[in-house]
Every structure is written in C-alpha cells, then in structure tokens.
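Reviewing the structure listed below.
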Amino acid sequence: MTARALSRTEIREAAQRPMMAPGKTWWLIVLGLSALVLWAAVAYAYQVMNGLGVTGLGQRVTWGFYIANLVFFIGISYGGAMTSAILRLTGAPWRAPLTRMAEATAVAALLVGAAFPIIDLGRPDRFLNVILHGQVGSPVVWDVVAISTYLAASLIFLLLPLIPDAAVCRDARPERGLRSRIYRLLSLGWEGTPEQHRVLRRSMTIIAILIIPLAVSVHSVLAWLFGVTVRPGWNSTIFAPYFVLGAMFSGVGAVILVLAAFRKAYHLEAYITTKHFTYLAYILVVLASGYLYFMVSEYLTEGYKMHEDTGRLLELLMLGRLAPFFWLFIFGGLLAPIALIAVPFTRTIPGITLAALAVVLGMWLKRFLIVVPGLAEPLLPSSLIIYYPSWVEVAITLGAAAAIPLMLMVFFRFFPVLSIYEMEEAELEHVSAHAAGGA
Amino acid sequence: MNQSDTEDQEDSQTKQHPVNRRRFLGGVGAMAGLAAVGFIPLTEIVKGESPPAHTSTARSQPRQWAFVIDLRRCDGCKKCTEDCQKVHSLPKDHEWIKVYETTDEDGVKHFMPRLCMHCENPPCLKVCPVAATFKNEEGVVLVDQNRCIGCRLCMAACPYEARYFNYADPPKPAEPFDNPMPEFPVPQQKGTVGKCILCVHNTSMGKLPACVEACAMNALFIADLNSDVMTNAGGETYKLSRYLSENDAYRLKEELNTSPRVWYIAGHGQDLEF
Amino acid sequence: MAVGNLIRTAAVLVVAGAMLWLAGAPVVASATPTVLTALPPAEQEGGKAVTIAARLTDGSTNRPLGSLNVQFFVMTDVFGPRLMSVGQAITDTTGRAAISYKPSWEGDTKVVARFAGSAQFAATETTFQFVAVGPVPVHQDASFGLEPIRAWAPAVVVVLVLGVWATLIAVVSQTVLGLRVRIPEGAPVSVPIAGTHLQPASEDIGDGAS
C-alpha cells in the first residue's frame with residue numbers, strides 16, 4: 001500500500017521534533033542515564049587509584065567484562081555500516097529515515113567501545129606508548145589503528161549528510177547565537193545547488209564504499225586479538241568472519257532498538273513504519289542464521305576431534321558450569337528471535353523489538369562466553385578458575401550501556417533525528433523514476 | 001677442592017666397596033694412601049710440562065641460557081618457588097617458577113616445575129604492542145616494566161601460563177632497591193606484567209639462579225647452549241646435548257613451534273602430555 | 001707378660017697398617033694398583049668431534065685391563081670451575097676406553113679420565129690437555145618459518161592503512177572545498193534542498209513515502 005505523500009515541511013518538522021524544548025520525561029531519562037554514567041566514572045576513578053586489583057580478574061582469567069564489552073560495543077556500531085552504507089550502495093530507498101539514527105548509534109557505540117581497551121589497561125597513563133613505541137606485529141596496535149580509522153570514517157559518514165540538514169536548521173533559526181553559529185559552520189555554506197549535490201553525493205558514495213572494508217577490518221582485528229593465541233576456543237581460523245558476522249547481527253539489533261525507542265518517543269510512526277521494522281527483521285533473521293551456521297561449523301569441527309584443551313572447553317560450555325548461559329544464548333538469543341520474526345503473528349513492531357532486545361543481550365552473553373572460558377580453561381595441569389566480576393566492572397559496563405542512549409538523546413536535541421537530505425533525495429529519486437518510467 | 005667433591009660423589013654413585021674389618025684396620029693408612037694416589041694424577045703430566053692456566057675460552061663466547069628439569073628428582077617441596085619469591089620480592093600469587101601437581105591413577109602425586117620457557121620464538125614477544133617484552137643477547141626474555149602498559153595480551157598468548165600481572169603493589173623488598181630494571185625488576189610495578197628472568201642478575205655474575213640454588217634435590221639445572229654445559233647446585237655438570245639425548249629429554253608443547261629452552265627429563269613413567 | 005702381649009699386638013697392628021698403607025687402597029687388601037694413561041686426540045678438524053681416550057693398565061704388571069668403566073670429564077668455567085661429565089666407556093681388551101667429544105669452545109681443553117675403582121682394582125685418574133680447533137658453531141635460534149613473507153607483510157599493511165587515511169582526508173577536503181559555492185549578489189538566502197531541475201511545482205514531493 002502506498003502511504004500518502006509526505007510534504008517537505010512534514011519531514012523537516014518531524015526530523016526536528018526532538019530539537020524542541022524537552023519535556024519532563026526527557027529530563028528524567030537523561031538524569032537516570034547520567035547517574036549510571038556518573039557511577040561508572042566513579043568506579044573507574046576508584047580503579048585508577050587502586051589498580052586493576054579492584055576487579056574480579058586474576059592470573060588466569062586476566063580478561064573479563066572489559067574485553068567482552070570492547071568486542072560487544074564495537075560490534076553494536078556495525079548497525080551503522082549495515083544500514084547506512086550497505087543499504088545505500090544496494091540502492092534500498094526505504095533505508096532513508098533510518099540512516100541518521102543508525103550512523104549516530106554507530107559513532108556513539110564506537111566511542112564507548114574504543115574506551116574499553118584503555119579502561120582495561122594496567123597502566124592507562126602509558127597509553128601513548130602504543131603510538132610512540134608501537135609494534136606493527138601486535139594485535140593491540142592493529143586494534144588501535146583499525147578502530148581509530150573506522151571511527152574517523154564513521155564520523156565523516158555521519159557528518160556528510162548532516163551538512164544539508166545543518167543548513168535546514170540554520171535557516172530555521174534566524175536568531176544569532178552559539179547554536180546558529182554551529183549550524184552555519186557545519187553547513188559549509190550549503191545552498192542546495194546541483195554542483196553541491198554532486199559533490200556531496202560523490203563523497204558519500206566514496207565513504208560508503210570505504211567504510212565497508214574498514215568495518216570488516218575492525219572486527220577482524222578484534223577477532224585476531226584472540227585468534228593469534230593458542231587458547232581453547234580462541235585458536236580458530238574462522239574467528240574473523242565469525243566476529244564480523246556477529247557484529248553485524250548485534251548492530252542491526254541495536255539499530256532496531258534505537259528506532260523503536262525514538263519512534264515511540266517522538267511519534268515518528270509516519271516515517272518509520274512496520275515495513276522498515278519488517279525489512280530490518282528479515283536482515284536480522286538472515287544474520288542470525290549465518291551466525292548459527294558459523295557456530296555449528298566451529299563446534300562441529302572441534303567436537304568431532306575433542307582435542308584436549310578444546311574438548312574440555314566444549315564440555316564446560318555445553319554440559320558443564322556454563323551450560324545454562326550457553327543454552328540461554330542459543331535459545332534466547334538466536335532461536336527465539338528467529339521464531340519471533342518468522343511467525344507472522346509476532347512479526348509486529350513490538351515483537352520485532354523484543355527479538356532485537358534478545359539479540360543484543362544474547363550477543364553480550366556470547367562475547368562473555370568467548371572471552372572468559374577460553375582463559376578459565378587451564379593450559380597446564382590445574383583446575384578451572386571461576387571468574388566473578390566485581391562491582392567496579394558491573395558499574396562500568398552499565399555506565400557504558402547507558403552512555404549510548406544518553407549520547408543519542410543529547411545529540412538529537414541539536415540535530416535532526418531523520419536525515420532530511422537523504423529522505424528528500426530518496427523521494428526525488430522515487431518521483432523521477434515514476435516520471436521517467438510511468439509508475 | 002671441587003675435584004674431591006666430585007670424587008666423593010662418584011664414589012657414592014659407583015659400585016660400593018665392601019666394607020669390612022680389614023678396611024677399618026687400615027683406616028688411617030688407607031686414607032693417607034688414597035690421598036697420595038689421588039694427588040699423583042694431578043701432577044702426572046703426559047707431556048712433561050706444567051699445564052698452562054686454564055684459559056677462560058668458554059667465557060669468550062656469549063652465553064645462551066637454557067634450563068633442564070629432572071622430573072625424576074623433583075619432590076614437590078616448592079623451595080624453588082619460595083626462594084624466587086623471596087629474592088624478587090613477589091606476592092604469593094606470583095609463581096615465576098610454579099610446581100604443578102598431578103595425581104596418577106594409583107593416587108601417586110607427581111610434580112612438574114614450570115618456569116618461563118624463554119622460547120626462541122616467543123608468542124609473548126610477538127604480541128606486545130610496545131615491545132616492553134624483549135629478548136636480551138643471551139636469549140633470556142625480559143620485561144621492561146617502565147614501558148609495559150598492562151594490556152595483558154602477552155599473558156593470553158603465553159601457552160605455558162608463565163606470566164603474572166601485578167594487580168596490586170608487591171611486598172616491600174627486604175633490602176631496599178630503588179633501581180628496578182628488566183634484569184632485576186624489584187620491586188615489581190603495579191599495573192605491569194612480570195615473569196621469570198632466569199636470574200640474569202645472578203648469572204651475569206657467575207652465580208646460579210635462585211631456584212637452581214634452592215633445589216635440595218638438585219633437580220634443576222642451568223644450562224648454556226653455546227658451551228653445551230649444564231650444571232646444578234650440587235655441582236653435577238654434564239655435557240648438555242649428550243645428556244638430553246641420552247635421557248630422552250623433551251620440551252613442553254613442542255608442536256606449537258615456540259622452541260622453548262626448558263627441557264624435561266621424564267620421571268616415574270607419567271604421561272608426557274597434559 | 002701382659003706388656004709383652006700388648007707390644008706384640010701393637011707391632012702386628014703397625015705392620016698390618018703399614019702394609020695396608022703401602023697397598024694404598026681403601027678396599028680389600030688385595031686391590032691392585034692401576035694406571036690410566038691418557039690418549040689425547042689426534043689433529044682435530046675445525047669444529048668437528050674428537051676422540052678422547054685413555055688406557056687402563058695394571059700398575060704392577062702393566063697388563064691391560066679390559067671391561068672396566070672409565071669416565072671422562074672436561075673442565076668448564078661456567079659458574080666457576082666445574083668438572084663436566086662428557087661420557088663414559090668400557091675398556092676393550094687393550095685396556096682402551098674412548099668416547100667421541102665435540103668441543104663447544106675453542107682453545108685449551110682440560111680432560112680428566114677417571115676409573116672409579118672396583119673390588120679388585122684401585123681407582124685412578126689422569127688429566128691431559130688438548131687444544132680444540134675452531135670454528136665452533138654458535139647456537140642459532142630455531143627458525144620460525146615464512147621469513148620473506150613476515151618481512152614484507154608489515155610494509156604492505158602500513159601502505160594500505162596510509163592509503164585509507166589519505167582517501168579519508170582527500171574526501172573531507174574535497175567536500176569542504178567543493179561545497180564553497182559562490183552565491184551571486186541578490187540571490188535568495190535559502191534555496192530548497194532539491195535541485196532546480198527536479199523541483200516539482202507543488203510543495204508535495206510526490207506520492208509514496210518510501
């Protein structure tokens with residue numbers, strides 16, 4: 001069914017709706033999230049003063065929540081690459097209302113994720129050593145380079161379509177002030193001439209093409225942090241594609257959550273419809289199936305041989321202490337979302353949102369199940385070590401999770417939540433296609 | 001003199017002479033006679049010239065340190081761990097040399113000491129982002145705790161679980177030492193990684209590593225790959241390559257291509273693999 | 001009478017002790033003295049193994065003693081002077097025991113051959129020197145493999161990363177420069193986002209929300 005035509009004014013009004021003076025709910029939520037972020041900051045300060053001994057880490061399980069969070073949050077950022085870049089290059093016009101939120105989520109998630117290697121360091125004051133004495137053969141250096149390059153590209157990818165939108169904001173606010181000055185700066189003198197359109201479109205295409213291999217490189221490099229060691233569960237050749245697929249999976253789930261939240265909060269139902277959720281849900285199912293395939297491939301080849309270390313790990317995961325978590329992930333984080341989306345009765349916006357929530361939480365659990373058991377399993381004759389996170393690690397994790405919606409809410413107070421430029425671009429292409437081909 | 005020490009040991013290792021009354025009767029005289037016989041070879045010169053002072057040709061070569069552990073002798077007393085921790089002022093959970101215990105199906109306990117393998121292809125060195133882990137010219141893998149950022153990727157990469165992270169400040173050293181360096185990282189720095197340094201601070205001065213010195217069973221040997229010598233606290237010295245091949249020495253996790261420099265002599269018929 | 005007995009016993013003891021002393025063995029009185037004669041190695045080829053040998057003979061009769069174990073040691077100075085066991089061999093019918101020894105350092109090498117003694121024969125040992133000829137191989141670390149690729153790979157990766165950054169910087173600068181459009185005087189300040197040739201007549205963009 002075709003929705004009724006959206007006028008330009010309607011789009012612009014809806015996009016700038018969150019930029020109006022916020023209501024009480026907004027302040028309440030922001031205060032709550034800020035409290036969590038503040039608690040995380042306090043916990044980190046405590047950790048910096050007293051050293052990593054305040055965590056639950058030990059001599060065997062030397063990586064825990066922080067590294068799991070690193071992989072998880074960087075993975076969340078893949079939603080941006082997926083919806084904005086891939087869908088743009090494949091020419092899917094329905095992506096237009098989603099791009100701004102997806103890209104903003106990507107940048108926010110990257111900023112949070114990039115903080116975790118530093119949070120995990122024993123000597124964060126020496127972080128610059130990675131640049132001053134960086135070794136090209138070290139996965140940590142690969143991480144720093146890949147994440148910073150991807151962050152730069154994602155920021156550019158967010159800012160480029162923001163240029164015309166900033167022009168709209170600039171024109172909507174004739175009064176002089178700091179905000180108008182920022183909009184004027186950001187809009188780079190955008191006037192909407194064909195020449196400017198051409199320049200912008202070309203730049204966006206180049207970045208969209210570039211950002212896909214960059215995204216692939218980031219999670220591959222994160223995977224190799226584990227893959228270059230000989231630990232059970234880590235010593236796998238498919239770790240890089242496994243991680244990349246998992247990142248796209250969790251990223252799309254996160255985008256669905258963000259869309260559902262802002263749609264509800266700012267009544268964007270006319271622009272973000274059931275169709276958007278359904279299409280994203282189909283992508284989610286495809287990615288879930290792909291992830292399941294990778295898991296089966298991994299566990300089948302390892303389980304068939306049951307080599308000492310890896311065999312013990314499989315027993316631990318599937319039948320041992322960690323079995324409840326492992327099967328919770330399989331059923332709750334993979335199979336349930338697939339079912340929710342496959343069954344037409346639950347393929348509604350609430351159902352899809354629930355599936356996305358299960359996906360996101362499940363993928364966090366899976367990252368934990370990758371990082372910790374691989375370290376807990378001994379390499380020399382000794383026993384399994386049980387790892388319990390301390391309040392510091394929990395606080396920082398919750399604070400990081402809260403920081404993303406907080407950053408998004410504050411960002412959309414100042415910038416349009418829908419990409420006016422891309423929506424109008426999509427509309428125009430649709431119109432010209434109609435005009436040329438005759439509907 | 002070293003020679004009579006070794007001689008006594010040789011006696012105990014070779015066939016015991018039957019002890020009887022005649023030996024007692026000639027006791028003192030016998031001792032005197034033995035001593036006389038013992039001294040003669042030293043002055044007996046084949047070519048009729050006095051031997052030149054033994055030139056330190058072995059020292060003109062650089063050392064390439066290695067280690068041999070005789071599992072037949074280890075009794076799990078863990079004196080090696082204790083002494084190492086005392087010398088380097090380590091907390092209790094830092095066992096640079098750690099004695100693993102396994103129990104076989106007959107309930108008998110076996111012990112396996114493990115220290116840093118000082119691999120020739122060390123995974124820890126490869127993954128360090130800031131080259132805080134390095135190999136000195138004697139093949140010993142050391143950590144520069146002034147550069148270490150504490151990312152602990154080396155700990156994840158080490159297949160032998162031989163590295164330890166300083167989660168807290170270590171105990172104060174018995175004798176204050178205010179110049180910690182990779183060759184003597186005392187006291188350890190909080191937030192960095194530490195591990196066995198093969199007591200290069202001792203070996204560079206001709207002293208045995210702390211654990212080798214501490215081992216009452218003489219199960220730990222320090223070895224030099226260049227001069228092909230291995231020796232322990234009791235003075236037992238062997239030609240390294242020959243001893244390793246004659247005793248079926250093996251290395252841990254050989255298939256990983258780390259080329260470790262610690263050899264084990266299997267004892268008690270226990271499984272070589274874990 | 002008692003004194004005479006005492007003197008007689010003492011004399012016997014002294015004579016017996018003297019005889020034992022003369023025998024010079026800490027063992028049964030009939031231990032035969034032995035002699036180890038060193039057989040230093042012949043000219044050594046640089047860096048190759050040599051044969052060090054010794055001949056065990058009966059001290060009194062000079063006949064060779066076979067089937068007896070002779071141990072060989074070399075003096076090292078790793079951690080001070082220590083006698084390093086380098087092998088042992090059984091004497092053959094000519095009384096010769098020999099082992100192969102590969103010197104690990106050049107220069108003076110002091111060898112000790114030792115017979116530890118048995119019920120019949122007295123322990124004995126001999127020392128001799130020879131000069132080990134170099135060059136002696138120095139220990140090489142085991143090769144890891146894939147050396148050429150490991151040499152080139154970092155350079156390739158660095159070039160790729162620099163290329164990506166160059167592209168990013170180029171895109172940003174091109175965009176910023178390209179968007180600086182000269183606006184002719186008197187033109188309206190705000191122009192609709194849509195390009196002029198595509199701008200529809202009405203405010204509505206068209207039908208179809210997606």
Side-chain angles (χ1 to χ4, degrees), chain A residues 47-48 50-64 66-67 117-118 120-145 224-231 234-235 308-309 312 371 374-375 378-383 385, chain B residues 91-95 98-103 110-114 123-134 144-169 189-194 252-253 255-258 270-271 273-274:
Chain A
Q47 180 184 292
V48 170
N50 294 295
L52 275 171
V54 304
T55 65
L57 300 171
Q59 298 301 343
R60 275 253 291 289
V61 182
T62 194
W63 282 347
Y66 297 150
I67 299 296
I118 304 178
D120 184 66
L121 284 184
R123 293 296 301 254
D125 57 312
R126 291 184 184 164
F127 180 68
L128 280 180
N129 277 356
V130 181
I131 299 166
L132 297 171
H133 302 286
Q135 300 297 303
V136 181
S138 168
V140 169
V141 171
W142 304 343
D143 262 346
V144 168
V145 169
W224 291 330
L225 206 58
F226 306 96
V228 298
T229 70
V230 297
R231 296 206 166 255
W234 293 8
N235 192 7
E308 19 191 38
D309 293 347
R312 272 196 300 270
V371 173
L375 289 165
L379 292 175
L380 288 175
S382 37
S383 53
I385 297 277
Chain B
K92 280 280 161 279
D93 64 334
H94 282 224
E95 293 176 280
K98 177 170 172 155
V99 181
Y100 286 87
E101 286 180 27
T102 52
T103 312
H110 301 297
F111 305 99
M112 191 185 83
R114 176 239 73 212
C124 59
L125 200 146
K126 279 194 289 195
V127 298
C128 180
V130 294
T133 295
F134 65 98
D144 182 355
Q145 293 193 333
N146 289 322
R147 201 192 266 198
C148 174
I149 60 174
C151 70
R152 312 187 299 291
L153 181 52
C154 57
M155 290 177 70
C158 177
Y160 307 103
E161 297 178 343
R163 300 175 72 103
Y164 296 89
F165 182 70
N166 287 286
Y167 284 99
D169 278 316
Q189 289 192 42
K190 185 168 77 174
T192 63
V193 170
L252 283 185
K253 299 188 192 269
E255 71 280 3
L256 296 180
N257 199 19
T258 50
Q270 71 248 45
D271 285 333
E273 288 297 318
F274 159 62

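Here is how names work: the chains are called A, B, and so on, in the same order as the sequence lines, proteins then strands, and each is numbered from 1. All values below were derived from every heavy atom in this structure, side-chain atoms included, with hydrogens, water molecules and symmetry-related copies excluded.
Across A/G134, A/P139, A/G137, the residue that shares the most heavy-atom pairs under 4.5 angstrom with chain B is A/P139. When each of B/A168, B/P159, B/A132, B/P123 is scored by its heavy-atom pairs under 4.5 Å with chain A, the top score falls to B/P159. Considering only heavy-atom pairs separated by less than 4.5 Å from chain A, the leading option among B/A156, B/G150, B/C158 is B/A156. Interface check for chain B: of the options A/G58, A/P124, A/P117, A/G374, the most heavy-atom pairs under 4.5 Å are formed by A/G58. Ranked by heavy-atom pairs shorter than 4.5 Å toward chain B, the options A/N50, A/L375, A/V228 are led by A/N50.
For a residue to count as touching a neighbouring chain, one of its non-hydrogen atoms must lie under 4.5 Å from one of that chain's; by this rule A/V61 touches chain B with the backbone only. With a 4.5 angstrom heavy-atom cutoff, B/E95 does not touch chain A via any of its atoms. Of the two parts of A/W234, only the side chain, counted from C-beta on, holds a non-hydrogen atom closer than 4.5 Å to a non-hydrogen atom of chain B. Interface residue B/K126: only backbone heavy atoms are found under 4.5 Å from chain A. Using a 4.5 Å cut-off between heavy atoms, A/L57 contacts chain B through both its backbone and its side chain. For chain A, the nearby parts of B/L153 are the backbone and the side chain; heavy atoms of each come within less than 4.5 Å. Heavy atoms closer than 4.5 Å to chain B are found in both the backbone and the side chain of A/L225.
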> Is there a side-chain contact (heavy atoms from CB on, under 4.5 Å) between B/Q189 and A/R123 once you walk through the steps?
Replying inline: CA-CA 10 Å; B/Q189 289 192 42; A/R123 293 296 301 254; 3.3 Å; yes
> Passes side-chain contact (heavy atoms from CB on, under 4.5 Å), A/L52 versus B/F165? Steps please.
Replying inline: CA-CA 9 Å; A/L52 275 171; B/F165 182 70; 3.7 Å; yes
> Between A/Q59 and B/M155, is a side-chain contact (heavy atoms from CB on, under 4.5 Å) present by the stated rule, with each step listed?
Replying inline: CA-CA 8 Å; A/Q59 298 301 343; B/M155 290 177 70; 3.6 Å; yes
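For the pair A/G122 and B/R152, the tightest heavy-atom approach, listed with the atom from each and the gap, is N-NH1, 4.3 Å. The shortest heavy-atom contact between B/M112 and A/P381 is CE-CD, 4.5 Å. Heavy atoms only, all atoms of each residue included: A/D120 and B/C151 are closest at OD2-O, 4.0 Å. Annotation for B/P129 and A/V141: closest pair O-CG2, 3.6 Å, computed over non-hydrogen atoms.
No donor-acceptor distance shorter than 3.5 angstrom exists from the side chain of B/E161 to the backbone of A/R60, with no hydrogens or angles considered. Remark: side-chain polar atoms of A/T229 are not paired, donor with acceptor, to backbone N or O of B/A157 under 3.5 angstrom. Judged by distance alone, with hydrogens and angles left aside, the side-chain atoms of B/Y100 form no donor-acceptor pair with the main-chain N or O of A/L380 at under 3.5 Å. Not one N or O on the side chain of B/R147 forms a donor-acceptor pair closer than 3.5 Å with the backbone of A/N129. Judged by distance alone, with hydrogens and angles left aside, the side-chain atoms of A/R126 form a donor-acceptor pair with the main-chain N or O of B/C148 at under 3.5 Å.
Once rounded to the nearest 0.5 Å, the distance linking OG1 of A/T62 with OH of B/Y167 reads 3.5 Å. One finds the OG atom of A/S382 at 9.0 Å from the CZ atom of B/R114 (value rounded to the nearest 0.5 Å).
Counting heavy atoms from C-beta outward, A/V130 and B/I149 have side chains that approach closer than 4.5 Å.
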